[in-house]
Amino acid sequence: MLDKFNREINYARISITDACNLRCLYCMPNGYVAKHYNFLSVEEIKNIVTALSKLGVKRIRVTGGEPLIRQDITEIIKTINEVKGIEDIGITTNGILLGEKIFDLVKYGLKRVNISLDSLKEERFKKLTGGDLNKVLDGLNKAVELGLIVKVNMIPIKGVNDDEIVDFINMTKNMNIDVRFIELMPIGEATRFTGVTKDDIIKYLDGANIVKIENNGGGPSEVYRLEGHIGRVGFITTMSHSFCSRCNRVRITSDGKLKTCLHNPDEYDLRPYIHDIDKLIDIMKTGIFNKYEKHTLLEDKISKSSRDMVRTGG
Ligand code: SAM
Ligand code: SF4
């Protein structure tokens with residue numbers, strides 16, 4: 001459906017857990033500390049996706065926390081895939097469990113995977129996340145071999161991993177993946193760090209023959225291809241160039257709230273209506289129509305969201 005600013009909303013990101021098996025310094029350095037695990041059930045996810053689909057949502061991305069820690073993740077993917085009108089399912093993951101789960105996920109309909117990866121150095125990766133880089137690389141390689149659409153999301157942070165930008169760009173030479181540089185957003189723990197903007201990163205491409213890909217399927221990233229590389233390089237420029245006027249998405253939190261903008265506080269509780277698809281549609285219509293025009297991160301330098309990234313799904 002269209003919101004009041006005439007943007008077509010056809011994409012939803014559903015968070016299925018706030019818990020995670022990593023401890024990224026800018027996200028959840030102390031791990032998941034809440035006591036409640038009242039996350040959406042498969043049945044609740046099915047009803048939410050059914051209502052979203054009736055409102056014109058065609059693409060779903062499953063996120064978290066870390067979505068692959070859910071024991072029922074393949075059932076979730078299968079269920080979403082069976083909802084009429086859903087054409088595309090992706091997942092955003094830290095990749096640790098990807099290698100062991102990917103065959104089942106693909107069998108049940110997974111088409112694309114975004115892997116968050118902030119360092120290619122084993123020791124540094126351990127320090128930044130607490131996890132094992134080799135497991136992530138195993139998942140990444142399997143995803144590419146299986147022919148999934150694979151994006152690697154890297155957040156360059158000054159003095160932490162910005163010396164690896166060229167290494168990440170070089171991953172696109174022989175691998176058919178998108179490496180996307182994401183500007184760090186000042187939410188929660190991330191306010192302690194300083195991100196790197198697209199314009200800074202572009203300098204690393206100086207001298208290379210780069211071509212901007214004009215039709216990027218309507219996503220928020222700007223995408224480029226370097227001469228001789230089979231993969232592509234992209235940028236998500238939340239901090240330096242706003243893409244709100246092209247925003248096509250809403251979010252569902254793991255406790256069943258519709259959140260129409262990552263950086264504004266409005267939330268619509270879906271759980272009271274979770275077994276009534278018509279009522280779900282009604283409340284979603286109100287939320288989507290009233291989606292904020294834009295965030296004010298650039299002016300305020302701080303998110304107005306009441307949630308940090310791990311409780312919104314990134
Ligand atoms: N655990 C999964 C993962 O890491 O891909 C999914 C959830 S995680 C919150 C989703 C994405 O949000 C990750 O790519 C992560 O790097 C990103 N993220 C977390 N905090 C962020 C911040 N302050 N600014 C920008 N991206 C952030
Ligand atoms: Fe976990 Fe993803 Fe947050 Fe890292 S960014 S702590 S992997 S939720």
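Remember, predicted model here, so these are calculated numbers, not experimental data. Every number for a ligand or one of its atoms is a count from 1 in the order of the listing.
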Original post:
Checking Arg249 against Tyr11: charged group under 6.0 Å from the ring centre and within 45 degrees of the axis?
Top reply: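 The answer is no, since Arg249 fails at least one limit relative to Tyr11.
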Original post:
How does Ile155 reach ligand 1, by side chain, by backbone, by both or by neither, if only non-hydrogen atoms under 4.0 Å count?
Top reply: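 It is the side chain that touches ligand 1; the backbone stays farther off.
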Original post:
Counting only heavy atoms, which portion of Thr63 has something under 4.0 Å from ligand 1: side chain, backbone, both, or neither?
Top reply: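 Contact part for Thr63 vs ligand 1: side chain (C-beta onward).
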Original post:
Between atom 1 (Fe) of ligand 2 and Cys20, is there an N, O or S atom separated by less than 2.8 Å?
Top reply: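 A backbone or side-chain N, O or S atom of Cys20 is under 2.8 Å from atom 1 (Fe) of ligand 2.
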**OP:** Return yes or no for this condition: an N or O of Asn114 is under 3.5 Å from an N or O of ligand 1.
**Re:**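 Among all N and O atoms of Asn114, none is under 3.5 Å from an N or O of ligand 1.
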Original post:
With backbone taken as N, CA, C and O and side chain as the heavy atoms from C-beta onward, which portion of Cys24 lies under 4.0 Å from ligand 2: side chain, backbone, both, or neither?
Top reply: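 Both backbone and side chain.
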Original post:
Only one of Val113, Asn114, Asn176, Val179 forms a side-chain contact (heavy atoms from CB on, under 4.5 Å) with Val150, so which one is it?
Top reply: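 With Val150 as partner, side-chain contact (heavy atoms from CB on, under 4.5 Å) holds for just one option, Val113.
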Original post:
If every non-hydrogen atom of Cys247 is compared with every non-hydrogen atom of Ile9, which pair is closest and at what distance?
Top reply: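 Heavy atoms of Cys247 and Ile9 come nearest at O-CD1, 4.0 Å.
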Original post:
Short list, please: which atoms of ligand 2 are under 4.0 Å from a heavy atom of Leu22?
Top reply: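 By the 4.0 Å cutoff, the relevant atoms are 6 (S), 7 (S).
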Original post:
Of Pro67, Gly64, Cys27, Gly188, which has the heavy atom at the shortest distance from atom 3 (Fe) of ligand 2?
Top reply: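 Shortest heavy-atom distance from atom 3 (Fe) of ligand 2: Cys27.
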**OP:** For Leu184, counting its heavy atoms only, list the atoms of ligand 1 lying under 4.0 Å from any of them.
**Re:**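 Numbered from 1, ligand 1 contributes 22 (C), 23 (N), 24 (N).
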Subject >> Separation between CZ of Arg225 and NE2 of His229, rounded to the nearest 0.5 Å >> reply: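 One gets 10.5 Å once the value is rounded to the nearest 0.5 Å.
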